[in-house]
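Only one structure is covered here, and it is reproduced in the block below.
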Amino acid sequence: MDPAEEDFGHEFAGLFRGVAAHEHKICYRFRGAVPPNLLSELTNAAEAATHLDETTEGLHRLVDHTSDPDEVS
């Protein structure tokens, strides 16, 4: 694997761990009773993370079903 690709993979995985860690800290701080404005922002962040996960899963399926990486368009 290209070192740049490996770095991207680590950064990408770290992004999701970071999102989960921050969400956990916020929920812990408010003992589960997160104020509505923060809850709305957490919901938006979760939806964005879900969209990103679905997009990258689609890319994975595309690459997985393509025998030649140069054919991916």
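Predicted model, so just to flag it, every value in this text is computed and none were measured.
Asp53 pairs in a side-chain contact (heavy atoms from CB on, under 4.5 Å) with only one of the listed residues (Thr56, Thr55, Thr50), which is Thr56.
The closest donor-acceptor contact from the side chain of Thr43 to the backbone of Leu39 lies under 3.5 Å. Looking only at distances, a side-chain donor or acceptor of His65 sits under 3.5 Å from a matching main-chain atom of Arg61.
Counting heavy atoms from C-beta outward, Leu38 and Glu41 have side chains that stay 4.5 Å or more apart.
One finds the CD atom of Glu57 at 9.0 Å from the CG atom of Asp64 (value rounded to the nearest 0.5 Å).
Residues Phe30 and Leu42 share a hydrophobic cluster, clusters being chains of Ile/Leu/Val/Met/Phe/Trp/Tyr side chains in contact below 4.5 Å.
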